[in-house]
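This report concerns only the one structure given below.
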Amino acid sequence: MGVHRYRNDCDRMVILRCIGPNTFFQEKVVFPLEDWLFDCPPKSRVDIWSHGLTGVELLDSIFADDLQIADELVATPGRRLAQKNRNAPSCELLRGPSVSPLTRMLVPS
C-alpha cells in the first residue's frame with residue numbers, strides 16, 4: 001500500500017469512493033479545496049461522485065496509482081519534511097490545548 005493524494009478543486013463537496021481488490025472499500029466526503037491523503041492497495045479505483053440536477057452523478061473515475069505520491073514526500077514519525085522557507089514561523093512549540101488556532105497563526109517561534 002502506498003500513500004495517495006486527492007485534491008478537490010471543485011466549488012462543491014464530492015464523495016470519493018476507493019474500491020480495491022479483496023473487498024477493499026473506503027468512502028470520504030471531500031470539501032472544496034480539501035486534500036485527502038489515504039492508503040489503498042495497488043490496482044484500486046477511485047470514483048468521484050457529486051450531486052447534480054438529476055441526482056447523484058459520477059464525475060470521474062481514476063486509477064489510484066495515478067494519485068500516488070512519492071515516498072520522500074510522506075512524513076513518517078521521527079522525520080520532518082524540509083521546510084521550503086526556513087524563515088517561516090513554526091508553530092511546533094504551540095501545540096498545547098490552551099493555545100487557540102488564531103494564536104498559532106499569529107505568534108512566530
Side-chain angles (χ1 to χ4, degrees):
M1 283 209 207
V3 178
H4 300 73
R5 176 185 171 258
Y6 174 79
R7 179 174 178 83
N8 181 8
D9 290 324
C10 296
D11 60 349
R12 57 186 176 190
M13 67 181 172
V14 296
I15 299 167
L16 235 118
R17 292 185 181 147
C18 183
I19 304 160
N22 300 326
T23 66
F24 178 85
F25 180 82
Q26 58 181 308
E27 185 174 73
K28 168 89 166 85
V29 173
V30 184
F31 290 94
L33 304 178
E34 180 183 7
D35 286 327
W36 180 40
L37 296 177
F38 60 100
D39 288 330
C40 67
K43 299 184 180 174
S44 295
R45 184 184 79 232
V46 176
D47 293 335
I48 303 165
W49 296 83
S50 187
H51 292 283
L53 295 174
T54 59
V56 180
E57 58 186 42
L58 179 64
L59 297 179
D60 204 354
S61 187
I62 307 166
F63 291 114
D65 294 341
D66 294 340
L67 300 175
Q68 189 165 2
I69 59 176
D71 289 338
E72 61 268 9
L73 297 178
V74 179
T76 56
R79 183 178 77 134
R80 274 183 58 183
L81 295 176
Q83 290 182 349
K84 290 182 181 175
N85 183 358
R86 294 282 182 192
N87 297 324
S90 172
C91 299
E92 201 166 85
L93 300 176
L94 300 174
R95 290 190 180 163
S98 61
V99 179
S100 73
L102 181 59
T103 304
R104 287 187 187 126
M105 291 187 317
L106 297 177
V107 178
S109 60

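- In this structure, Lys28 places its NZ atom where more than 12 heavy-atom neighbours from other residues, nucleotides or ligands lie under 6.0 Å away.
- Tyr6 is not connected to Trp49 by any chain of hydrophobic side-chain contacts under 4.5 Å among Ile, Leu, Val, Met, Phe, Trp and Tyr, and they are in different clusters.
- No path of Ile, Leu, Val, Met, Phe, Trp and Tyr side chains, each step under 4.5 Å between heavy atoms, connects Phe25 with Val14, placing them in separate hydrophobic clusters.
- The distance from atom OG of Ser44 to atom CZ of Phe38, rounded to the nearest 0.5 Å, is 8.0 Å.
- With hydrogens and angles disregarded, no donor-acceptor distance shorter than 3.5 Å links the side chain of Glu34 to the backbone of Met13.
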Step by step, would you call Ile48 with Ile15 a side chain to side chain contact (heavy atoms under 4.5 Å, CB included)? CA-CA 6 Å; Ile48 303 165; Ile15 299 167; over 6 Å; no
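- Residues Cys10 and Asn8 share a closest heavy-atom pair of N-OD1, 2.9 Å.
- Here the closest heavy-atom approach between residue Cys40 and residue Gln26 is recorded as CB-NE2, 4.2 Å.
- Among all heavy-atom pairs drawn from Arg12 and Leu59, the shortest one is NH2-CD2, 4.1 Å.
- Between the side chain of Asp47 and the main chain of Arg17, no donor-acceptor pair closer than 3.5 Å is present.
- Under a hydrophobic-cluster definition in which Ile, Leu, Val, Met, Phe, Trp and Tyr are linked whenever side-chain heavy atoms come within less than 4.5 Å, directly or via other members, Leu67 and Trp36 are assigned to the same cluster.
- Surrounding CZ of Phe24 are more than 12 heavy atoms belonging to other residues, nucleotides or ligands, all under 6.0 Å away.
- Looking at every heavy atom in both residues, Ser61 comes nearest to Arg45 through OG-CD, 3.2 Å.
- Taking both residues in full, the closest heavy atoms of Asp60 and Leu58 are given as O-CD1, 3.4 Å, listed atom of the first, atom of the second, then distance.
- Here the shortest heavy-atom pairing between Arg5 and Ile69 reads CB-CG2, 3.7 Å.
- Here His4 contributes atom NE2 and Asp65 contributes atom CG; the two are 5.5 Å apart, rounded to the nearest 0.5 Å.
- Every salt bridge (Lys or Arg N to Asp or Glu O under 4.0 Å) that Arg7 has, sequence neighbours left out, goes to Asp9, Asp35.
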